[in-house]
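Notes for the one structure printed next.
A quick note: this is a predicted structure, and the numbers were derived from the prediction, not measured. Just so it is clear: chains get the letters A, B, ... in the order the sequence lines come, proteins before strands, and each one is counted from 1.
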Amino acid sequence: MFGMGILSRKGRALEVFGVLVFSSLLTFFMAGQTAEPPWRFLLGGIGLLDGFLAATWILGLPGIPTLILARAALGLVLGLGMMFTLGLAIGLGLCLLAMALGIAAIPRARLPALLILPGAFYLLVFFAFAVGIIAVISFLKRGPYGGIRWIFVLENYQRALDPLYVQIILISLWIALVTTLLCLLIGYPVAYAMARAPARWRNTLLILVMIPFWTNFLVRTLALMFVLRSDGPINGLLMAAGLIQEPVSLLFTQNAVILGLVYGELPFMILPLYATLERFDFSLVEAAYDLGANEWHAFRRVIWPLTLPGVLAGSTLVFIPSVGAYITPDLLGGAKTIMIGNVIQYQFLTVRHWPFGSALSLILMAMVLAATMVYLRVGGRERVL
Amino acid sequence: MVFAVELRKVSKHFGDVEAVHQVSLQIRDGEFFSLLGPSGCGKTTTLRMIAGFERPTEGEIYIKGERMNDVPPFHRPVNTVFQHYALFPHMTVFENVAFGLEMKRLPRDEIRRRVEEALRLVRLTGLENRYPRQLSGGQQQRVALARALVNRPAVLLLDEPLGALDLKLRKEMQLELKTLQHQVGITFIYVTHDQEEAMTMSDRIAVMNQGRVLQVGTPVEIYEHPATRFVADFIGETNFLEGRVVDLERGMARVEIEGFTVFAAPSEGTHRGQRVTVAVRPERIRLGAEGPEDTPNRYPGVIEEVIYIGTDTLFRVRVGERLGLRVRMQNRDGSASIHHYRPGAVIWVAWLPESARVLTE
């Protein structure tokens, strides 16, 4: 049935044929450029297969469309593999050919559902698989020189329950929470003002919000270190104004970490809030005023509940990276403010205790997941469209 | 006399644009008052100034005798039915209608009682727990109405409330609104660009164009005695005949138009020698095989076009070399009467002097 669907679309038959012929020729060409025999034969084989498929496609044999889709899927996987073995050009070429073939051969009505595949593939490989590895490692023993020994233990999790680490986890959650609230407090009015600005200004304002992204995050954080230093401009100004006699220590404090996180994460709060507020129908506010609501009631009863999706999205986007942050607390918190991200980094890269680092990572993940779910559940109780 | 709403020389500028120019209006208690005009004429801005969403640049606004210029919308004794309803999408019908009463901090059972009463008034009982998106356009319209009326405002402001409805529903709602207004006895100020709608419902109409009020009057006054050419043109159809006043005798003006003499009712300030426009409504022109005796305004002509539209038939008749007239005739005797009037037929057109009006502007 699937196959007949494709065959019955006469207009697309030529399209598929064209892609197959093109793919066959290009793969042969690539095979000719490749020196190593096994790869050469593989590419040549694909070229032959495409030629064969093109011929049978024209003959209209049953089952061929399904075969073509299988060929497209195979091409995608092979292409990804060849990116690492034969170089980016050939690998990417194969991937693109496979995608073109897939797009040509798949019935148009099913296409949107299949567009999710590349993303799903990426997440599967680089997230699910990676987390799986970490989950396994977290139950193993550390090898004598780093690395792992295949012995199942729970000691990594037991060790994570040490008050020392529990406290660091709690502090991390606390810092992330304060960061999120501050971002919301600062970001909501900004997003609101942007959404209410004249339409011709909005893009400019949006670009202004994104300007920090143009500079490397590390550089920005280092710059912040200079600003907060004892002989930095803030202390200089305060002393010149006579407000303080001695420089106050701003750097290497928990507040410095929060400051840095708020600074770094603020755009991630503003952007989803702006997207929500920009779509918000402000005639509803007029309706609220008209019905006797003052500014506060109009905000509380109409604007806030209807922009809550943006608040939830922004808060999630800020909270999750904040809990696991490690560059910011490393540079701005010094030795005094250590977040869980620093501990994990330390375990993996310095102590080379992968199993313990993995256990901490998983605990962090679980806590973030739990916090986010509670948050969304509570937030979701406010009726949102 | 204390007016429900009074505007004194109100103007509104948006940057360099003058949206409303020196508008003065006196709207009586319990009146159904329409602001009528083409889009961009300033009618909605005027309404928004009464509601408090816009501040007048100049002039003063009074509601029930109190100056309102510095009163925010949430302290004004008016409620608005918005063009696109502006119902709160996250609230049910009940919560939408209750919103205004909650803001007044009324006791819970009174709120319930009054919301139910308002929903009964607009015949929406039983839909309390629906969300606006689950309602049809007409139902949403009624919710908007109930949400405003439940507060018992001194004045209800309606901004093209029927604009989004289809024609049949519109006609129904027009009559329903009129009945509703009688029931609740609240002053309605109704903004529309639809002259038929304004005529159907209003006690009085203010015709606006380019930020100015051109004429205020009852539907009959505005239709029968339009003050300007714009009003005559905007309200209904009109034949405009350009000419010069040659004489004023016995309360009638004698106007020379393309070599013909036309008698017409003069307006204020009409004087001899003046260049004027004579306005004649198409339905006031009669067609006949012979010129009637009862009017001096009778002229031979040739039928150029016949358009049958069911209730009426429209004709285009040429009189002399350069006069084209639109004529509207009711199909009283079915299709029999129009058989005499075919394109090319030579006939007489005639109208009474009092059916023609001299416009000096």
What part of A/Asn294 gets within 4.5 angstrom of chain B, counting heavy atoms only: side chain, backbone, both, or neither?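 Both the backbone and the side chain of A/Asn294 come within 4.5 Å of chain B.
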Contact class of A/Ala288 relative to chain B, heavy atoms under 4.5 angstrom: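 For A/Ala288, the contact with chain B is made by backbone and side chain together.
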Is there a side-chain contact between B/Phe74 and A/His297 (heavy atoms, below 4.5 Å)?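 No. Closest side-chain heavy atoms not under 4.5 Å.
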Measure the shortest side-chain to side-chain distance between A/Asp281 and B/Pro89 over non-hydrogen atoms and say whether it is less than 4.5 angstrom.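 SC-SC contact between A/Asp281 and B/Pro89 ruled out.
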Could you tell me whether [X] atom [atom1] has more than 12 heavy atoms of other residues or ligands within 6.0 Å of it?
X: B/Gln210; atom1: CD; result: no
X: A/Phe127; atom1: CZ; result: no
X: A/Tyr326; atom1: OH; result: no
X: A/Ile211; atom1: CD1; result: yes
X: A/Phe282; atom1: CZ; result: yes

Between the main-chain N or O of A/Asp290 and the side-chain N or O of B/Asn79, is there a donor-acceptor pair closer than 3.5 Å?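 Side chain of B/Asn79 to backbone of A/Asp290: a pair is present.
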Return yes if some donor-acceptor pair links the side-chain N/O of B/His84 with the main-chain N/O of A/Ser283 below 3.5 Å, else return no.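 Flag not set: sc B/His84 to bb A/Ser283 has no pair under 3.5 Å.
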Side chain, backbone, both or neither: which part of B/Arg48 has a heavy atom under 4.5 Å from chain A?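 B/Arg48 touches chain A through side-chain heavy atoms alone.
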Go through the atoms of B/Leu87 and report whether side chain, backbone, both or neither lie under 4.5 Å from a heavy atom of chain A.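 Backbone only.
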Hey, could you give me the CZ/CZ distance between A/Arg301 and B/Phe88, rounded to the nearest 0.5 Å?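 If I round to the nearest 0.5 Å, the distance is 8.5 Å.
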Residues of residues 96-113 of chain B contacting chain A, heavy-atom criterion under 4.5 Å, by residue number: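 Only B/Phe99, B/Gly100, B/Glu102, B/Met103, B/Arg105 of residues 96-113 of chain B have a heavy atom under 4.5 Å from chain A.
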